[in-house]
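Heads up, the thing below is written out as structure tokens.
So that the names make sense, note that chain A is the first sequence line, chain B the second, and so on, each numbered from 1. Reckoned from all heavy atoms, side chains included, excluding hydrogens, waters and symmetry mates. Here the structure is a predicted model, which means the values were calculated and not measured.
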Amino acid sequence: MLDIQFIRDNPVLVAKRSLQKGYEIDVEGLLGLDTHKRQLQQQVEELRRQRNEIAENTKGQKPDPDHIAKGREIKANILDLEHQLSSVENDFMVLLKTIPNMPLDSVPIGTTEADNVVIREVGEHPSFDFELKNHAQIAEAKGWLDKERATKIAGARFVYTMGDLVRLEFALWQFGMDVLGNKDILQKIISDNNLNISAKPFVPILPPAVAKQEVFEATGRLNKQEQTYKIEDEDLWLNASAEHTIAPIFLNEILPVSDLPIRFVGYTTAFRREAGTYGKDTEGIFRLHQFNKLEMESFTTSDSSLDEHLFMVAIQEYLMTQLGLPYRVLEKCTADIGRPNAKGVDIDAWLPSQAVYRETHTADYITDYQARAMKTRVRQDDGSIELVHTNDATAFSQRPLIAIIENFQTAEGDVRVPEILRPYMGGKEVI
RNA sequence: GGAGGGGUGCAGGAGUGGUUGAACUGGCACGCCUGGAAAGCGUGUAAGGUAGCAAUACCUUCGAGGGUUCGAAUCCCUCUUCCUCCGCCA
């Protein structure tokens with residue numbers, strides 16, 4: 001959620017910046033409800049004060065009939081006003097949640113993802129002196145993927161992954177966790193990028209794969225129609241990213257500033273309905289209802305959150321560079337960063353079969369937008385309390401596997417294993 | 001899944017309808033004391049909201065939500081969570 005005080009102070013700006021993100025919002029309606037809510041609240045509080053006054057004056061004594069009659073009258077009025085208040089409050093909250101986070105000034109303004117700005121391209125596109133195959137062709141020929149049988153069992157967009165591709169996937173998770181747990185590497189990344197933050201390692205975490213609706217709503221990530229699966233007869237939704245169950249870990253908590261930054265690297269299987277994507281990316285493992293992901297999540301103070309975000313992007317680039325994959329970095333435009341974001345970066349890997357870059361990583365700069373609803377706060381050394389800042393970013397999804405298979409394919413239809421992953425593959429150079 | 005018992009502030013732990021936002025103990029912070037420390041003594045120690053320039057005033061919160069009552073941490077209902085026992089089970 002956005003700070004209501006900020007909206008009160010900057011109604012025009014909020015409407016304008018929201019529109020730049022593609023959200024047509026009703027600021028006037030929201031502020032009207034805000035005013036109405038406060039009026040009702042003041043009336044209710046005055047009545048409650050009167051009620052408390054009577055109770056206080058009566059103390060331990062038996063109340064006289066006059067007091068009881070007066071109390072009854074106040075009670076009726078309070079009941080009526082409270083009813084109105086809660087109705088207005090509900091409408092207010094619904095509207096407030098539609099207000100997106102404000103983009104940083106540095107975020108390019110755009111209307112579609114085509115307006116995202118390429119920051120840099122890194123690595124050479126491979127050239128092949130044979131007819132190249134796409135990752136699905138290679139993997140199916142190798143017996144690494146079986147979509148037909150998975151469809152029989154679970155429906156479209158599910159897959160059996162088998163053999164060396166499974167080992168390669170686990171190698172990716174292991175490698176990612178090794179990097180994120182290594183203080184020296186992190187310190188070097190920080191120094192190389194002139195960042196002013198701690199090199200505290202990421203703590204590995206395996207979160208629950210489900211969360212209650214209330215929790216999901218607090219993260220601002222519940223997207224019932226397009227993305228999220230609900231468990232029947234339970235107040236539970238399947239996560240669509242480890243971020244959804246790691247971010248709210250400190251729900252309703254006040255963290256001592258000395259604990260920060262808190263960094264997690266979380267692994268989970270994620271589930272997405274992918275509604276509205278029929279016919280898109282149907283081959284291989286690019287877009288599945290169920291996929292695995294290693295995710296970075298951190299909690300910081302407001303003054304270090306932007307560097308934390310840049311740090312996560314730098315880590316992503318380090319990981320891709322270590323794998324030897326060609327990639328590009330995108331500064332996402334206002335239309336593409338998403339409601340909770342103030343800024344967002346994507347990393348796309350080069351896919352030779354499509355001769356385009358495709359998204360493998362994303363990094364979200366959220367500021368206090370999530371924390372406000374999650375009520376996750378920090379107690380500063382001077383005792384003051386502020387909202388924590390959350391950042392999340394992909395360490396690895398399964399998509400880099402696609403890039404590895406395609407970029408490192410051989411004429412024989414094999415795949416060269418990136419050197420950095422070989423120790424996790426029993427030393428295998430080719431699979 | 002069945003039976004029973006609990007969830008109170010930073011922690012422990014009182015409190016079964018009327019100044020209980022909450023006794024008491026501990027922890028922590030500050031002050032006094034001391035050459036310095038310990039001990040001792042004293043003071044302080046929740047979050048959110050509304051009004052206000054502010055000082056401050058008021059409202060809410062004793063797992064969550066609802067109910068009874070003039071009045072609820074205290075009574076009732078639902079949910080949730082923890083513990084013990086039984087059952088089941090990777």
Side-chain angles (χ1 to χ4, degrees), chain A residues 1-9 30-97 206-219 230-237 245 248-260 262 268-269 299 301-302 368-388:
Chain A
M1 292 188 295
L2 201 60
D3 183 5
I4 183 62
Q5 190 59 51
F6 180 84
I7 301 171
R8 285 174 194 149
D9 295 341
L30 179 69
L31 293 180
L33 286 169
D34 179 45
T35 305
H36 192 193
K37 176 170 83 84
R38 282 187 287 168
Q39 283 168 352
L40 286 169
Q41 189 174 340
Q42 283 167 40
Q43 291 169 34
V44 168
E45 286 182 3
E46 170 57 21
L47 286 171
R48 283 176 180 158
R49 192 195 60 74
Q50 290 175 22
R51 183 190 63 190
N52 292 345
E53 198 173 48
I54 291 175
E56 197 171 322
N57 290 339
T58 1
K59 295 191 187 178
Q61 311 152 11
K62 311 161 192 92
D64 61 67
D66 282 354
H67 279 137
I68 292 179
K70 179 69 180 161
R72 284 216 175 97
E73 186 193 327
I74 292 174
K75 183 182 178 175
N77 290 334
I78 288 181
L79 223 57
D80 177 48
L81 283 171
E82 278 180 341
H83 187 76
Q84 293 180 47
L85 179 60
S86 77
S87 160
V88 171
E89 267 175 348
N90 279 338
D91 295 348
F92 171 79
M93 283 308 293
V94 167
L95 216 46
L96 179 59
K97 283 180 178 174
L206 295 174
V210 297
K212 301 173 194 172
Q213 173 151 342
E214 180 192 352
V215 175
F216 242 117
E217 282 175 349
T219 64
K230 171 119 170 43
I231 297 184
E232 195 177 19
D233 296 333
E234 300 280 344
D235 176 34
L236 291 173
W237 297 76
T245 46
I249 186 171
F250 301 120
L251 198 70
N252 295 323
E253 290 189 44
I254 300 174
L255 307 165
V257 69
S258 55
D259 283 3
L260 302 184
I262 296 173
T268 187
T269 297
F299 303 84
T301 52
S302 57
D368 60 8
Y369 189 87
Q370 267 189 327
R372 184 165 290 106
M374 299 192 300
K375 297 186 172 66
T376 303
R377 292 149 292 170
V378 193
R379 191 186 306 279
Q380 303 283 13
D381 283 331
D382 66 2
S384 65
I385 287 169
E386 68 168 39
L387 290 165
V388 81

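Distance CZ (Arg38(A)) to C1' (C58(B)): 16 Å, rounded to an integer number of Å.
Nearest to the side chain of Gln42(A), among G71(B), C59(B), U50(B), sits U50(B). Listed candidates were U50(B), A46(B), U60(B). Nearest to the side chain of Arg51(A) is U60(B). Comparing G49(B), G48(B), G71(B) against the side chain of Lys75(A) picks out G71(B) as the nearest. Comparing C70(B), C58(B), A51(B) by their nearest atom to the side chain of Arg49(A) picks out C58(B).
G40(B) and A51(B) have their C1' atoms separated by 45 Å, with the value rounded to a whole Å. Spacing between G42(B) and C24(B) at atom P, rounded to whole Å, works out to 12 Å. Here, U8(B) and A22(B) have their C1' atoms 8 Å apart, quoted to the whole Å. Of the C1' atoms belonging to A73(B) and A54(B), the separation is 35 Å, rounded to the nearest Å. Comparing the same atom, C1', in C62(B) and in U20(B) gives a spacing of 10 Å after rounding to whole Å. Between G18(B) and C75(B), the two C1' atoms lie 15 Å apart (nearest whole Å). U80(B) sits 7 Å from A64(B) when the C1' atoms are compared, rounded to a whole Å.
At the heavy-atom level, Arg372(A) lies nowhere under 4.0 Å from the strands shown. Backbone-only engagement by Ile385(A) is indicated by non-hydrogen atom pairs under 4.0 Å involving sugar-phosphate atoms exclusively.
Nucleotide A73(B) forms no Watson-Crick or G-U wobble pair with any nucleotide shown, as no partner meets the under 3.5 Å limit on both distances. Remark: C88(B) base-pairs with no nucleotide in the shown strands. Criterion, Watson-Crick or G-U wobble with two distances under 3.5 Å. Pair assignment for A29(B) gives U43(B), based on Watson-Crick or G-U wobble hydrogen-bonding distances that are each under 3.5 Å. With a cut-off of 3.5 Å on both Watson-Crick or G-U wobble distances, the partner of U16(B) is given as none. The base-pairing partner of C58(B), taking Watson-Crick or G-U wobble contacts with both distances under 3.5 Å, is G49(B). Figure legend. U78(B) is base-paired to A64(B); pairs are counted as Watson-Crick or G-U wobble with both atom distances under 3.5 Å. When Watson-Crick and G-U wobble pairs are counted only if both distances are under 3.5 Å, G35(B) pairs with no nucleotide at all. Using N1 to N3 plus N6-O4 or O6-N4 for Watson-Crick, or N1-O2 and O6-N3 for G-U wobble, each under 3.5 Å, G9(B) pairs with nothing.
Salt bridge status for Arg48(A) with Glu45(A): absent, with no side-chain N to carboxylate O gap under 4.0 Å.
Phosphate contact (OP1/OP2 of C59(B), side-chain N/O of Asn52(A), threshold under 4.0 Å): present.
With respect to Asp34(A), the side chain to side chain donor-acceptor pair (under 3.5 Å) criterion is satisfied by exactly one of His36(A), Arg38(A), Lys37(A): Arg38(A).
Side chains of Gln213(A) and Glu217(A): a donor-acceptor N/O pair is present below 3.5 angstrom, by distance only.
Residue-environment remark: NZ (Lys230(A)) exceeds the threshold of 12 foreign heavy atoms within 6.0 Å. Within 6.0 Å of the CD atom in Glu253(A), the count of heavy atoms belonging to other residues, nucleotides or ligands exceeds 12.
Under the 4.5 Å side-chain criterion, counting only non-hydrogen atoms from C-beta, Asp80(A) is in contact with Gln84(A).
Between Gly71(A) and Ile4(A), the one whose closest nucleotide on RNA chain B sits nearer the 5' end is Ile4(A).
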